[in-house]
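Quick notes on the structure that follows.
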2 protein chains.
Amino acid sequence: MPDIEDELAKQLWAIGDITRLRILRLLPDKADCEHGNNVSKIAEELNLSQPTISHHLRVLRQAGIVQHEKMCRDCFYWVDRDAARAVIERMEKLLLESEPVTKA
Amino acid sequence: MPDIEDELAKQLWAIGDITRLRILRLLPDKADCEHGNNVSKIAEELNLSQPTISHHLRVLRQAGIVQHEKMCRDCFYWVDRDAARAVIERMEKLLLESEPVTKA
DNA sequence: TTTAAATATTTAAATTCATCTATACGTTTG
DNA sequence: CAAACGTATAGATGAATTTAAATATTTAAA
């Protein structure tokens with residue numbers, strides 16, 4: 001069964017990449033046409049190809065870290081705050097609450 | 001220069017592996033002879049070879065997530081709580097505090 | 001010192017990942 | 001309808017990672 005631990009590992013792995021970390025830093029609070037941070041702009045900002053950024057956004061999307069929507073002709077991504085909070089909470093449980101599991 | 005962002009990515013990457021996540025779950029609060037969770041015991045618990053666990057512990061050590069010390073003939077590892085808190089704090093800054101960086 | 005036990009390191013093989021180029025798909029605009 | 005723009009997908013390649021096996025190193029006990 002796909003443990004909850006597997007999901008956490010997947011999410012942390014998704015965030016634990018320097019390119020994806022930089023992408024996350026560029027993403028706005030909420031879908032936002034004004035600033036125009038579409039996929040191509042992010043690619044230009046990070047000096048990587050558009051398909052590469054698209055690939056990384058897909059990884060983040062499949063990990064449930066970001067959401068996206070088509071607006072004003074382009075595609076906009078933003079951080080899913082609820083998912084982010086959940087990840088952080090699980091990390092706190094794992095790293096800060098010790099549970100010395102001694103079997104039987 | 002090795003950015004602080006690089007370090008965070010490295011740390012999250014280190015934690016974002018299912019085997020290392022399970023290792024972390026087994027580690028005690030502090031170096032602890034009593035429970036006897038040495039490297040070989042962890043290997044047995046997770047059904048992996050001792051060198052494999054040693055390798056993963058090294059990754060976690062180099063990322064500054066765990067500490068280790070030789071005690072009572074064996075080698076004991078534990079989670080570095082301060083480092084863990086620092087990682088969580090940086091994650092909160094990255095994911096929950098939006099900073100729409102618009103250059104110029 | 002010899003023996004045994006625990007951990008670290010090295011080596012090698014298989015897998016996985018990041019990235020690019022090329023291309024296809026879907027919208028918007030003329 | 002056709003051209004242009006933005007995004008996603010596919011295929012390929014080089015690099016990095018995981019893992020086990022073998023070996024070396026360290027430590028404790030006899």
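Every chain is numbered from 1, with letters handed out A, B, ... down the list of sequences. Basis for what follows: all heavy atoms, side chains included, without hydrogens, waters or symmetry-related copies.
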Write down the distance between [atom1] ([X]) and [atom2] ([N]), rounded to a whole number of angstrom.
{"X": "Ile42(A)", "N": "dT7(D)", "atom1": "CD1", "atom2": "P", "answer": "9 Å"}
{"X": "Ile53(B)", "N": "dA6(C)", "atom1": "CD1", "atom2": "P", "answer": "15 Å"}
{"X": "Gln62(A)", "N": "dA8(D)", "atom1": "CD", "atom2": "P", "answer": "12 Å"}

Quick one: bend of the helix from dT1(C)-dA30(D) to dG30(C)-dC1(D) from 5 pairs per end, to 10°?
30°

Of the options dC20(C), dA6(C), dA8(D), whose atoms approach the side-chain atoms of Tyr77(A) most closely?
dA8(D)

From the candidates dT7(C), dA8(D), dT19(C), the one with an atom nearest any side-chain atom of Leu48(A) is dT19(C)

Just to verify, what does Arg58(A) make a salt bridge (charged side-chain N to carboxylate O under 4.0 Å, His left out) with, not counting sequence neighbours?
none

Contacts of type salt bridge (charged side-chain N to carboxylate O under 4.0 Å, His left out), residue Arg85(B), not counting sequence neighbours:
Asp82(B)

Atom pairs, protein N/O to nucleotides 9-11 of chain C N/O, distance under 3.5 Å:
from, atom 1, to, atom 2, distance (Å)
dT9(C), OP2, Arg58(B), NH1, 2.6

If we only count heavy atoms from C-beta on, is the Leu27(B) to Ile42(B) side-chain gap below 4.5 Å?
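The answer is yes, as the side chains (C-beta and beyond) meet within the 4.5 Å cut-off.
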
With a 4.5 Å heavy-atom cut-off, do Val66(A) and Ile23(A) have their side chains touching?
no

Strictly below 4.0 Å: does Ser40(A) bring a side-chain N or O up to OP1 or OP2 of dT7(D)?
yes

So, using side-chain contact (heavy atoms from CB on, under 4.5 Å) as the criterion, who are the partners of Thr52(B) when residues are at least two apart?
Leu48(B), Ser49(B), His56(B)

With a 4.0 Å heavy-atom cut-off, tell me which residues in residues 13-24 of chain A come close to DNA chain D, sorted by residue number.
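Residues of residues 13-24 of chain A that come under 4.0 Å of DNA chain D do not exist, since none gets that close.
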
